[in-house]
Amino acid sequence: MIRAVTTTPYLDQKPGTSGLRKKVRVFQQPNYAENFIQSVFDVIEHERAGATLVIGGDGRFLNREVIQVAIRMAAAAGFARVVVGQGGILSTPAASNLIRKRGALGGLILSASHNPGGPTEDFGIKYNVSNGGPAPENITDAIYARTKVIDTWYAADTPDIDLDTLGEVQVAGMTVEVVDPVADYAELMETLFDFDAIRASKLTMAFDAMSAVTGPYATEILERRLGFAPGTVRNGTPLPDFGGHHPDPNLVHARALYDTMMGEGAPDFGAASDGDGDRNLIIGRGRFVTPSDSLAMLAANAHLAPGYAGGLKGIARSMPTSAAADRVAAELGIPAYETPTGWKFFGNLLDAGMATICGEESAGTGSDHVREKDGLWAVLLWLNILAATGKSVDELAREHWARFGRNYYARHDYEGVDSSAADTLMRDLRGKLATLPGTMIGALTIAQADDFAYTDPTDSSTSANQGVRILFEGGSRVVFRLSGTGTSGATLRVYLERYEPATGDLDANTGKMLADIVAAADELAGIRLHTGRSEPDVVT
Ligand code: G16
């Protein structure tokens, strides 16, 4: 039997950079999750009959409850089959892979990514489309529009299913298939990388799963299939509250891994992933690699892995990501694309075969193997490159900079800023862009100042107001934008970059190299003035 439940709209269900993310207590309001899921189903009303839907999440608090709701609602919506990860677990890249492999219409991914979890923390729902990637803006806009007028949601009147037992069950005429969340993903990784060479290299490593979703994936692939020593994977059991930590693989929240890698007796390679398994942190023994540099270095060496031996078609990066990857693209003679922040903008380029590797400063790297960024994929490509070259991360980094020059890079985050103060800062900055070119700040001359706008080369769709760029002569720049993934107040992100040519100082302190750009950023945007902050909360 199908229940029709009368509801009233919530007006705050606008998807952000990556789906709808809110505090758990917001999602616990009556009809809140149901309204959003029904709005997704209403937008795809004409395609869902007889279709397959993938459902899974990162195991955070509320994951299982919302999965049960989504299964009952999918049955009412006419789906023929739901594929769900055992225990409700699917990493974001594994979900993307399953959508593609099963020819699904789409998937619901339940995650707030790197945000903390637990009863007082964050939850999220994201809809991915049939290519396995996040829904593009025309669909998220339609979902948002629907949430504002929704008056009814529908669900099969059936009990919870057993999410822990593999196999198929029927829910009101729909088949629900509970699958091993790791198997298909691990199989895909074996087709891309030389597992034998990695195994034979006898490299040592430490992987911090941050008590989040990559634990089971990393344990299976790194310890069981690649033979890394037991204990290589740390914090390998997904916990609903991530052990009380932020599952954000950066130098603040993965500090213990950083300390291991900088200390005596460090292993050859260190890595971490985030809540839903799509981000990565890369640290060699004694050498941290920024996400922007990691993208460039992976692109320059990807041909060493079997899956990329034929070369790359193009490289795409988000606008705030450093231009290091562009230099690699130029040398390889392939196109470089600059997109707005958000993995969804890479989907069309990957589908069109215009780009093979994509990456973002926010610790995301991936390729055309799925349509999401992929933390373990980046780790395995690094391992493959280390095994193939016999070089250390530090050696590879130094050689890369000696060839291409170095883009010194940092991101300063000001978190929990009053939203209207943040909006005023951005508005004031936008208001003076036209007057900036040609002016000097300290020793820096502004060459160009604009608000980044993007036209997708495949379908000509446009996205405006994607971040303020101030470009200085010589290749340095500062970018300002407000985060689209936070759940309280505003987060101001200030992206700082300085290009040092191959003949310059390639092993200097990043803070020192960026000091004049940090000062220019404050002078340009009045960060102290608007936010009252003299220091960022997080530097990555
Ligand atoms: C999401 C998006 C990324 C984006 C990141 C940061 O990542 O998928 O494309 O770079 O948010 O976005 P913002 O700067 O707006 O906070 P994730 O890992 O949170 O899904």
Side-chain angles (χ1 to χ4, degrees), residues 14-22 57-58 60 91-93 95-96 109-117 122-128 132-137 140 210 212-214 242 246-250 253 272-281 290-292 294-295 316-322 338-347 349-350 358-366 370-378 411-417 422 426 452 454 463 465-468 479-495 536-538 540:
K14 185 173 168 50
T17 308
S18 190
L20 182 69
R21 288 187 193 166
K22 298 284 176 195
D58 62 11
R60 69 179 59 225
S91 77
T92 291
S96 182
I109 301 179
L110 311 181
S111 171
S113 189
H114 53 290
N115 296 6
D122 294 355
F123 189 73
I125 304 180
K126 182 168 74 155
Y127 180 63
N128 279 30
E137 279 191 331
T140 54
M210 306 193 86
V213 81
T214 37
F242 308 118
H246 283 232
D248 192 353
N250 62 29
H253 298 300
S273 192
D274 69 331
D276 61 331
D278 56 4
R279 297 185 174 208
N280 70 87
L281 170 70
T290 67
S292 294
S294 179
L295 169 66
R317 65 169 172 87
S318 65
M319 181 274 283
T321 305
S322 95
E338 186 178 31
T339 62
T341 294
W343 203 264
K344 59 191 172 199
F345 292 101
F346 294 135
L349 297 173
L350 294 167
C358 309
E360 295 185 282
E361 52 67 37
S362 57
T365 341
V370 289
R371 294 294 181 273
E372 286 278 5
K373 55 191 189 278
D374 188 342
L376 267 175
W377 171 90
R411 187 177 93 188
H412 289 189
D413 290 341
Y414 298 81
E415 296 175 344
V417 174
M426 291 301 291
F452 182 63
Y454 178 65
S463 304
N465 302 323
Q466 296 295 323
V468 167
V479 172
F480 302 86
R481 63 178 280 282
L482 300 182
S483 161
T485 58
T487 57
S488 49
T491 295
L492 171 68
R493 302 206 195 283
V494 183
Y495 309 84
D537 298 283
V538 177
T540 52

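For ligands, and for the atoms within them, numbers begin at 1 and follow the listed sequence.
Using the six-membered ring where Trp is involved, His253 and His246 have ring planes that are parallel, under 30° apart on the 30 and 60° scheme.
By the side-chain contact (heavy atoms from CB on, under 4.5 Å) test, Thr540 pairs with Asn250, Arg411, Val538, sequence neighbours left out. In this view, Lys373 and Asp278 satisfy the salt bridge (Lys or Arg N to Asp or Glu O under 4.0 Å) rule, not counting sequence neighbours. With sequence neighbours left out, Ser292 forms a side-chain contact (heavy atoms from CB on, under 4.5 Å) with Thr290, Thr321, Ser322, Glu361, Tyr409.
The nearest pair of heavy atoms linking Leu482 to Ala422 is CD2-CB, 3.9 Å.
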Just the distances, no angles: every ligand 1 N or O to protein N or O pair closer than 3.5 Å, one line each.
residue	atom	partner	partner atom	Å
ligand 1	7 (O)	Arg279	NH2	3.4
ligand 1	7 (O)	Lys373	NZ	2.8
ligand 1	8 (O)	Lys373	NZ	3.0
ligand 1	9 (O)	Gly342	N	3.3
ligand 1	9 (O)	Trp343	N	2.9
ligand 1	9 (O)	Glu360	OE1	2.6
ligand 1	9 (O)	Glu360	OE2	3.0
ligand 1	10 (O)	Glu360	OE1	3.3
ligand 1	10 (O)	Glu360	OE2	2.9
ligand 1	10 (O)	Ser362	OG	2.7
ligand 1	14 (O)	Arg481	NH1	2.6
ligand 1	14 (O)	Arg493	NE	2.8
ligand 1	15 (O)	Thr17	OG1	2.7
ligand 1	15 (O)	Arg481	NH2	2.9
ligand 1	15 (O)	Gly484	N	2.6
ligand 1	16 (O)	Ser483	OG	2.7
ligand 1	16 (O)	Thr485	OG1	2.5
ligand 1	16 (O)	Arg493	NH2	2.6
ligand 1	18 (O)	Ser113	OG	2.8
ligand 1	18 (O)	Arg279	NE	2.7
ligand 1	18 (O)	Arg279	NH2	3.4
ligand 1	18 (O)	Lys373	NZ	3.0
ligand 1	19 (O)	Arg21	NH1	2.9
ligand 1	19 (O)	Arg21	NH2	3.2
ligand 1	19 (O)	Ser113	OG	3.0
ligand 1	19 (O)	His114	ND1	3.1
ligand 1	19 (O)	Arg279	NH2	3.2
ligand 1	20 (O)	Ser18	OG	3.4
ligand 1	20 (O)	Arg21	NH2	2.9

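Judged by distance alone, the side chains of Thr491 and Asp413 never bring a donor and an acceptor atom under 3.5 Å apart.
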